[in-house]
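First the structure, in the form of structure tokens, and then the observations on it.
Keep in mind it's a predicted model, so treat the numbers as computed, not measured. For this chain, numbers begin at 1 and follow the sequence in order.
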Amino acid sequence: MHKKILLLGSGELGKELVISLKRLGQTVIAADSYSGAPAMQVADSFAILDMLNGVELDAVVAQQQPDLIVPEIEAIRTERFYDYEKHGIQVVPSAKAANFTMNRKLIRDLASKELGLRTANYFYATTFEEFTTAVNEIGMPCVVKPLMSSSGKGQSVLKKESDQQTVWEYAINNSRGDIKEVIIEEFISFHTEITLLTVTQKNGITLFCPPIGHRQERGDYQESWQPVAISENDYTDACEMAEKVTTALTGAGLWGVEFFLTDKDVYFSELSPRPHDTGMVTLAGTQNLSEFELHARAILGLPIPEIKLERAGASAVVLANKTSEQFSIIGIEKALEQSNTDVRVFGKPGIRPYRRMAVALVYDKTNADMTLLRKKAKTAADHISIE
């Protein structure tokens, strides 16, 4: 039960996944576009390459000869994955899943048009003229995102006509890869955003984690909490939609499936075929297995008898506010003075505005007051600063 695993993308989520895989005796090569990435610090070896360069990607795969390829970011030449699968390499969750979910157009059309899931109305645009036409059709406010991006980059809410040019340029200029196209979505009036961590298995049924609530700013996660208040009907609807879309995409692994909860219905939002940033709350011991342990077991084909809630938890991120290669993280001692509190420092080698550098984690009994627990997580994160 030993595999050689090539991890494509080596951020904080990849770091926790490597730790889980190493605990199961696996060999991991962490790849990214820069040296010293978080996952490289705990992997067996590393590779530095431009993952959007198909020639470089092919060369690393040929050199490493991995049993599994595990994508952790969006900006990868994912069409090469089909060829790797033909040569017997397991792509996680699958080449189809990686290709569809790296591009918002493919996954949204699959969810809405092919599977009939409830989504916001949407249009695509490759020019400013197409963009303004779509905005007129959708109406304002509306949500504008690049087709390919990560961590909320390029995403904004358009509220007035005078901001159209600015919003368009922000989305286009923050597109990752060579896809220069945006999606314009109807603004859904929701009361809660949730992540339903979904586990598809090689030899078992699809499993669902207790739903996670989260809050975003600039399209990027700021805090998350588990469990989140949700009605039985909404939970059932979300599970059914998550199972439909993950089954269609095929493959084994953990998926972060995002939904909007409204007063009337549940709306499918987005999907990531890997551990989700909002799922870092599971590092607070909220479940019997963290999202990273679940992903490791699923991709290796190991049994997952059950997923159960152990306690309530909340997370809050620590962000940088400047650009520098020289910095210090201070205040960890103060944060840890609180009971039932933990901190994860990611170990990124440089800072820039809004870059996630650490996360504060707190926990309590399962019936704890979640409002107070969220405040406690925010207090812990506020004690930590980047200087």
Query raised in the report: Which heavy-atom pair separates Ala171 from Ser175 by the least distance, and what is that distance?
Result: O-OG, 3.1 Å
Query - Between Thr200 and Thr206, a side-chain donor and acceptor under 3.5 Å - result: no
Report task. To the nearest 0.5 angstrom, please state how far the CD atom of Glu185 sits from the OG1 atom of Thr119. Result -> 8.0 Å
Requested in this report: Evaluate side-chain hydrogen bond (donor to acceptor under 3.5 Å, both in side chains) for Thr262 paired with His191, printing each intermediate quantity in order.
Outcome: CA-CA 6 Å; Thr262 73; His191 57 75; over 6 Å; no
**Report entry** Ring-face cation of Arg218 near Tyr354 (centre distance under 6.0 Å, axis angle within 45°)
**Finding:** yes
Report task. Taking the side chain as every heavy atom from C-beta outward, state whether Glu85 and His87 have any atom pair closer than 4.5 Å. Result -> no
Query raised in the report: Do Gln26 side-chain atoms and Leu24 backbone N/O form a donor-acceptor pair below 3.5 Å?
Result: yes
Query raised in the report: Are any of the side-chain heavy atoms of Asp32 and Leu49 separated by less than 4.5 Å?
Result: no
Requested in this report: Find out whether Leu361 and Val343 are in side-chain contact, i.e. whether some heavy atom of one side chain is under 4.5 Å from a heavy atom of the other.
Outcome: no
Report task. Have a look at Phe187 and tell me which of Ile138, Asn121, Val143, Leu158 forms a side-chain contact (heavy atoms from CB on, under 4.5 Å) with it. Result -> Val143
Query raised in the report: Does some side-chain heavy atom of Arg80 sit less than 4.5 Å from a side-chain heavy atom of Arg77?
Result: yes
Query raised in the report: Has the side chain of Asn173 got a donor or acceptor atom that lies under 3.5 Å from a matching backbone atom of Glu169?
Result: yes
**Report entry** Non-hydrogen side-chain atoms of Asn321 and Ile386 separated by less than 4.5 Å
**Finding:** no
Requested in this report: Keeping the roles fixed (side chain from Asp67, backbone from Lys4), state whether a donor-acceptor pair exists under 3.5 Å.
Outcome: yes
**Report entry** Close side-chain approach of Glu79 and Asn99, heavy atoms under 4.5 Å
**Finding:** yes
**Report entry** Minimum side-chain heavy-atom gap Asp382-Ile384 below 4.5 Å
**Finding:** no
Query raised in the report: Hey, does the side chain of Gln287 reach the backbone of Leu289 with a donor-acceptor pair shorter than 3.5 angstrom?
Result: yes
Requested in this report: Please report the shortest heavy-atom distance between Ile194 and Thr192, naming the atom on each side.
Outcome: CG2-CG2, 3.9 Å
Report summary line: Only one of Glu74, Glu16, Glu291 passes salt bridge (Lys or Arg N to Asp or Glu O under 4.0 Å) with Arg274, and that residue is Glu74
Query raised in the report: Lys22 side chain to Leu17 main-chain N or O, any donor-acceptor pair under 3.5 Å?
Result: no
Query raised in the report: Between Thr341 and Tyr363, which heavy-atom pair has the shortest distance, and what is it?
Result: N-CE2, 4.3 Å
Query raised in the report: Within 45° of the ring axis of Tyr122 and under 6.0 Å from its six-membered ring centre, is that where the NZ or CZ of Arg108 lies?
Result: yes
Query raised in the report: Side chains of Ser315 and Trp225: donor-acceptor distance under 3.5 Å anywhere?
Result: no
Query raised in the report: Does the ring of Tyr84 carry Lys86 above it, NZ/CZ under 6.0 angstrom from centre and within 45° of its axis?
Result: no
Query raised in the report: With distance as the sole test, does Thr198 use its side chain to make a donor-acceptor pair with the main-chain N or O of Leu196 at under 3.5 Å?
Result: yes
Query - Expected output: side-chain Gln41 to main-chain Gly36 donor-acceptor under 3.5 Å - result: yes
Report task. Establish, yes or no, whether the cationic atom of Arg118 lies under 6.0 Å from the six-membered ring centre of Phe190 and within 45° of the ring axis. Result -> no
Query raised in the report: Which is it for Gln226 and Thr286 under the side-chain hydrogen bond (donor to acceptor under 3.5 Å, both in side chains) test, yes or no, and what are the steps along the way?
Result: CA-CA 7 Å; Gln226 186 187 32; Thr286 53; 2.5 Å; yes
Query - Glu232 backbone acceptor or donor facing Thr236 side chain under 3.5 Å - result: yes
Query raised in the report: Under a 4.0 Å N-O cut-off, is there an ion pair linking Glu12 with Arg344?
Result: no
Query raised in the report: Is there a donor in the side chain of Thr278 and an acceptor in the side chain of Thr195, or the other way round, less than 3.5 Å apart?
Result: yes
Report task. Determine, step by step, whether Thr126 and Glu130 satisfy the side-chain hydrogen bond (donor to acceptor under 3.5 Å, both in side chains) criterion, reporting the C-alpha distance in whole Å, the side-chain angles of both residues, the deciding distance to 0.1 Å, and the verdict. Result -> CA-CA 7 Å; Thr126 56; Glu130 292 176 351; 2.8 Å; yes
Query raised in the report: Within 45° of the ring axis of Phe346 and under 6.0 Å from its six-membered ring centre, is that where the NZ or CZ of Lys15 lies?
Result: no
Query - Spatial distance of atom NZ (Lys145) from atom SG (Cys142) [nearest 0.5 Å] - result: 11.5 Å
